[in-house]
Amino acid sequence: MADDFSDKKPSRRQFLAGAAALGAGSTAASSLSASDDDPLITEVQEWAQITGDGVDATPYGLPIEFEKDVVRRNVGWLTADTISSINFSPIHALDGTITPQGCAFERHHSGAIELRKEDYRLMINGLVDQELVFTYEDLERFPREQHVYFCECAANTGMEWAGAQLNGVQFTHGMIHNMEYTGVPLRTLLNEAGLNAAGDLKGKWIFVEGADASSNGRSIPMEKALDDVLVAFKANGEALRKEHGYPARLVVPGWEGNMWVKWLRRVEVLDKPVESREETSKYTDTLADGMSRKWTWAMDAKSVVTSPSPQSPISHGKGPLVISGLAWSGRGAITRVDVTIDGGENWYEARLAQPGTKMALTRFYLDIEWDGEEMFLQSRAHDETGYVQPTKEELREVRGLNSIYHNNCIQTWWIKSNGEAENVEIS
Ligand code: MTE
Ligand code: CO
């Protein structure tokens, strides 16, 4: 589907010649905005004449008040109540790739529960040599690993199938976070219980469930369970927040967020999938003919420009402009991101801030000299399997309009000459 749209040769347009001339980190002096008689330079400021706060003021730090708008937000009509609820990461205002836990999106099917470490139990049962129950302390005594992975809700961008709908990248793409997890490989715990009783592991499954009322039960093929799945108890170095499944959650790299069971309480080894509610009536993709696809676990390669975007308009007028965004793939590492400013006529290879790593967010930049004209900004991700992110039209041709989940199409922002941005579709 996505193979047949090849790159067109870049045009020799002025702004990109300018971009090429700009060395990394250099800004044309004429576009710097402070003036010679700026009192912020010529006067001694109040904050230099008095002492600041002492170190005891914030035993656990919060962002400075000027950043108070950089918070999770929800969409009223999507969150009817706060029990089955969703909110979105403010990705328009973040840079780098790590999502601070304090503004990482949350999705709860029956609210966030408060579970003390002392009350935590993880059972492994079913086709194992010895059924086991681990306490939190037990988990801490197994060799642990650290990995950075993204978690994307299968419903991310799900409101955009039929047309451009939500005006902000936080709302169209913010059901994603990317953290450094510390945890014990699930493989280690399954081996502790012993898998001989299961016989040939091919065709075997695990069923995982959480301790909350929804239990959010999901079946996972044994091959994945023994590969890279983690039982994680730390994110970005600190304990998981209550809302992310404290004290322990499942991390299922690259696979839809729904499988990342929070407050993980049980892993059952089975010879067939359970076909639970969460994998039949939910988290399946209804196609144009009304048939539903199931087992669409991996999140396909996707990217989006986070700035400029509707919540992050251009405020500085024409001249040097940093275009920035995020790319990710549930099937491996991002190898390349292309950006267009003219709705796909010309594509330019973006600069990856760091080489892509497996199932983690990759930050990209395109530094241009903006001529002040309107732009139709898009980004297109490539992953290590050779897969290329499809356009909305290409995706609709295959999937129709009945789907909610797994919308990884190319997003368009219309950047107007006044710097404001709008979510649009172009064809
Ligand atoms: N696990 C439990 N126990 N209960 C839940 O409601 N929600 C799932 C998954 N795991 C859920 C759960 C869904 S749909 C998603 S997208 C992710 O958790 C969201 O994880 P987060 O809230 O840490 O962002
Ligand atoms: Co989800």
Side-chain angles (χ1 to χ4, degrees), residues 71-75 78-79 81-91 98-115 120-123 149-159 170-171 173-181 183 207-220 229-236 238-267 276-285 296-299 302 328 330 359 361 403-408:
V71 289
R72 286 183 298 273
R73 292 188 191 284
N74 60 23
V75 172
L78 272 175
T79 293
D81 58 67
T82 55
I83 301 305
S84 175
S85 54
I86 179 83
N87 58 29
F88 302 83
S89 309
I91 52 173
I98 297 292
T99 317
Q101 281 202 69
C103 60
F105 92 97
E106 301 160 359
R107 168 76 175 113
H108 319 306
H109 290 81
S110 52
I113 58 167
E114 199 168 275
L115 183 56
Y120 181 76
R121 298 290 183 272
L122 171 58
M123 175 186 290
Y149 293 126
F150 73 81
C151 170
E152 182 183 18
C153 181
N156 200 20
T157 321
M159 291 73 72
Q170 176 169 20
F171 307 114
H173 290 76
M175 285 188 215
I176 191 160
H177 50 60
N178 190 66
M179 306 201 212
E180 184 203 58
Y181 292 98
F207 184 71
V208 287
E209 64 181 21
D212 54 330
S214 79
S215 84
N216 196 69
R218 289 292 304 250
S219 308
I220 300 177
V229 176
L230 288 178
V231 176
F233 40 85
K234 295 278 159 79
N236 300 340
E238 59 184 354
L240 295 171
R241 285 173 56 242
K242 162 183 148 186
E243 291 81 357
H244 298 303
Y246 180 95
R249 85 172 306 164
L250 205 64
V251 165
V252 190
W255 287 20
E256 58 189 15
N258 184 256
M259 305 173 95
W260 293 47
V261 170
K262 303 191 277 192
W263 314 288
L264 180 70
R265 79 162 169 213
R266 195 169 70 92
V267 178
S276 70
R277 171 183 178 275
E278 297 292 313
E279 51 203 11
T280 51
S281 78
K282 304 282 176 206
Y283 301 99
T284 51
D285 309 311
T296 48
W297 303 303
M299 302 307 293
K302 187 165 168 180
W328 62 95
M359 287 79 106
L361 293 190
S403 285
I404 299 170
Y405 308 112
H406 294 273
N407 181 348
N408 68 321

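In each ligand, atom 1 is the first atom listed, and ligand 1 is the first ligand listed.
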Could you check whether any heavy atom of Ala104 sits closer than 4.0 Å to an atom of ligand 1, since that is the contact criterion I want to use? no
Can Lys262 and Glu106 be said to form a salt bridge (Lys or Arg N to Asp or Glu O under 4.0 Å), step by step? CA-CA 11 Å; Lys262 303 191 277 192; Glu106 301 160 359; over 6 Å; no
Phe88 and Phe105 aromatic centres sub-6.0 Å: no
What part of Phe105, side chain from CB on, backbone N/CA/C/O, both or neither, has a heavy atom under 4.0 Å from ligand 1? both
Side chain of Ser84, backbone of Ser110: donor and acceptor closer than 3.5 Å? no
Ligand 1 to Glu243, heavy atom cutoff 4.0 Å, flagged ligand atoms 22 (O)
Under 4.0 Å from any heavy atom of Trp260, which atoms of ligand 1 are there? 9 (C), 10 (N), 18 (O)
Do Arg218 and Glu256 have side-chain heavy atoms sitting under 4.5 Å apart? yes
In the protein, which heavy atom is nearest to atom 22 (O) of ligand 1, and how far is it? Lys262 NZ, 2.5 Å
Ring-ring centroid check Tyr181 Tyr149, cutoff 6.0 Å: no
N or O pair under 3.5 Å between Ser110 and ligand 1: no
Quick look: Cys153 vs ligand 1, heavy-atom contacts under 4.0 Å, and the answer is both
Could you check Thr157 against Asn408 for side-chain contact (heavy atoms from CB on, under 4.5 Å), going step by step and ending with a plain yes or no? CA-CA 7 Å; Thr157 321; Asn408 68 321; over 6 Å; no
Specify the protein heavy atom at minimum distance from atom 5 (C) of ligand 1: its residue, its atom name, and the distance to 0.1 Å. His109 ND1, 3.5 Å
What protein heavy atom is closest to atom 4 (N) of ligand 1, reported as residue, atom name and distance in Å? Asp212 OD2, 2.8 Å
Relative to the heavy atoms of Val261, which atoms of ligand 1 are at a distance of less than 4.0 Å? 1 (N), 10 (N)
Which atoms of ligand 1 sit under 4.0 Å from any heavy atom of Tyr283? 14 (S)
Scan Leu264, Val261, Leu240 and name whichever one has a side-chain contact (heavy atoms from CB on, under 4.5 Å) with Arg249. Leu240
Do any N or O atoms from the side chain of Glu114 and from the backbone of Lys242 form a donor-acceptor pair under 3.5 angstrom? no
Greater than 12 external heavy atoms within 6.0 Å of Glu238's CD: yes
Could you tell me, atom by atom, which parts of ligand 1 come under 4.0 Å of a heavy atom of His108? 6 (O)
Could you tell me whether Asn216 approaches ligand 1 through its side chain, its backbone, both or neither, with non-hydrogen atoms closer than 4.0 Å? side chain
Shortest protein heavy-atom distance from atom 17 (C) of ligand 1, along with the residue and atom involved: Gly257 O, 3.3 Å
Determine whether the side chain, the backbone, both or neither of His177 has a heavy atom under 4.0 Å from any heavy atom of ligand 1. side chain
Taking 4.0 Å as the limit for heavy-atom contacts, which would you say applies to Arg249 with ligand 1: side chain only, backbone only, both, or neither? side chain
